[in-house]
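Bear in mind that the values here come from a model prediction, so they are computed numbers and not experimental data. Numbers restart at 1 for each chain; the letters A, B, ... are given by sequence-line order, proteins then strands.
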Protein chains: 2
Amino acid sequence: MKLPSAKLPMKQRILETADRLFYGRGIRAVGVDTVAAEIGISKRTLYNHFPSKDALVLAYLERRLQPLPDSDRPPLEQILGTFDRLGRSFGTAEFRGCAFVNAVAELGEESAAVRDLAIEFKEARRLWFRGLLDRLGIADPDGLATQLALLVDGAIAAFLVRRDPAMALAAKDAAMALLAQAGARQAPADR
Amino acid sequence: MKLPSAKLPMKQRILETADRLFYGRGIRAVGVDTVAAEIGISKRTLYNHFPSKDALVLAYLERRLQPLPDSDRPPLEQILGTFDRLGRSFGTAEFRGCAFVNAVAELGEESAAVRDLAIEFKEARRLWFRGLLDRLGIADPDGLATQLALLVDGAIAAFLVRRDPAMALAAKDAAMALLAQAGARQAPADR
DNA sequence: TCATTGATACACCGATCTGTGTAATTAGTA
DNA sequence: TACTAATTACACAGATCGGTGTATCAATGA
């Protein structure tokens, strides 16, 4: 149990702990008392930094909206590498699915803001795929990007239930088949 | 708001209402008081039929473990028809993702029984795919069945967030591409 | 007619939830 | 030293949660 250093700014400490608990156990399953107790601060202090639990939940999800890797490796390698990274995530004990999908499934219609963040996250990844497919000169980069994103989401959902890391490999195999069918070649970056 | 007829057996009425509420709003978000009030019965009556909320939740999920359609249509048509049915589900206002994935995402480690039911559900659909792929004479029916199941789960997760029914079409396109690459032919049932 | 069964209303339990009010305490700084 | 700002402990509010106890009432069938 790695606790955030007491030296860090309070807001950051709260966010890190909220992330660990909300993601690991679920948003509704974790109360603000639990978050505060886990850091060793009073509930009052937590509420001095976030006006409500809803605000804390949104901040937790916003923190997970990180920019995607901007590598200079070949596009095909980057695309397939996504599934390898996914497989490595499956191997960690902390992995518990997609934080955004889980939040939407848990909160449903109750929070439009949560859903907007989830859409933003999903669309960012889809566009990341599409940018790489563009460089590969694929015929329908938009459609294929959606399909690749579908495979990622499917692998995550399937793993969440089955806990079988092979789901990442199955998704990668499917991605390779789709890419091959679309005419992706090995080193197509510049020609 | 269609309420189950008061003529139906009490247990069935409870289950139908629990299904509608648990699936529509989430398990943790709906209390037993709400379920009883929605039917117009006392909480006591509900507890006379189910010993606990956990038992009610399990019964709700078990009721969703229905056998998959056993059609005599061509295998390829049945497989692709799955994605058409999915697309039609997306069009309904009630659709809120996969009840089993949502339950696991919501309850997480807290209920092994829920996860077991979810695994059973997912595996049944995967085996249904595999049986059809067997009849198509596909080289690796097991692997392709997993990939098709991944596409279904991915489309559901993506739709849950984006609310875009086109996710079903994207999954169907990907499925067709995978099937074509695997050598599935139009009318391969008997030769 | 009488006994049984199931449903009813309703109060209640202890626990937990988000959120607030308040007064004391700490630490840094002018 | 004196002021300020953050954090503390702690009680409390009002709601909701899952679950129970109990006494009454209505329908059924022997």
Between A:Glu94 and A:Arg20, does any NZ, NE, NH1 or NH2 come within less than 4.0 Å of an OD or OE carboxylate oxygen? no
Hey, what's the ring geometry for A:Phe100 with A:Phe121, parallel, tilted or perpendicular (30° and 60° as the breaks)? parallel
Atom-pair distance (CG on B:Asp33; P on C:dA15), nearest Å: 18 Å
Less than 4.0 Å between a side-chain N and a carboxylate O, is that true for A:Arg28 and A:Glu110? yes
If you assign each of A:Ile27 and B:Ser42 to its closest nucleotide in DNA chain C, which residue comes earlier from the 5' end? B:Ser42
Check whether B:Leu58 and B:Phe50 end up in the same hydrophobic cluster, where Ile, Leu, Val, Met, Phe, Trp and Tyr are linked by side-chain heavy atoms less than 4.5 Å apart. yes
Are A:Phe159 and A:Phe95, when compared by the centres of their aromatic rings, separated by less than 6.0 Å? yes
Are the side chains of A:Leu179 and A:Leu133 in touch, meaning some heavy atoms are under 4.5 Å apart? yes
When the axes are fitted on five pairs at both termini, how much does the helix from C:dT1-D:dA30 to C:dA30-D:dT1 curve, in 10° steps? 10°
Would B:Glu109 and A:Arg163 pass as an ion pair if we require N to O under 4.0 Å? yes
So the contacted stretch of DNA chain D, first to last nucleotide with an atom under 4.0 Å from a non-hydrogen atom of chain A, runs from D:dT7 to D:dA9
Round to a whole Å and report the spacing from CD of A:Glu110 to P of C:dT18. 13 Å
Closest non-hydrogen atoms of B:Asp134 and B:Pro141, given as atom of the first, atom of the second and distance, are OD1-CG, 3.3 Å
At a heavy-atom distance below 4.0 Å, what parts of residues 43-55 of chain A sit against DNA chain C? A:Lys43, A:Arg44, A:Tyr47, A:Ser52, A:Lys53
Determine, for A:Lys53 against A:Asp33, whether the closest basic-nitrogen to carboxylate-oxygen distance falls under 4.0 angstrom. no
Specify the separation, in whole Å, of atom CE of A:Met10 and atom P of C:dG28. 13 Å
Donor-acceptor pair, distance only, cut-off 3.5 Å: does the side chain of B:Thr82 make one with the backbone of B:Gln78? yes
Check this for me, if you would: do A:Lys122 and B:Asp164 make a salt bridge, where the nitrogen-to-carboxylate-oxygen distance has to be below 4.0 angstrom? no
In whole angstroms, the gap separating P of C:dC17 from CZ of A:Arg25 amounts to 11 Å
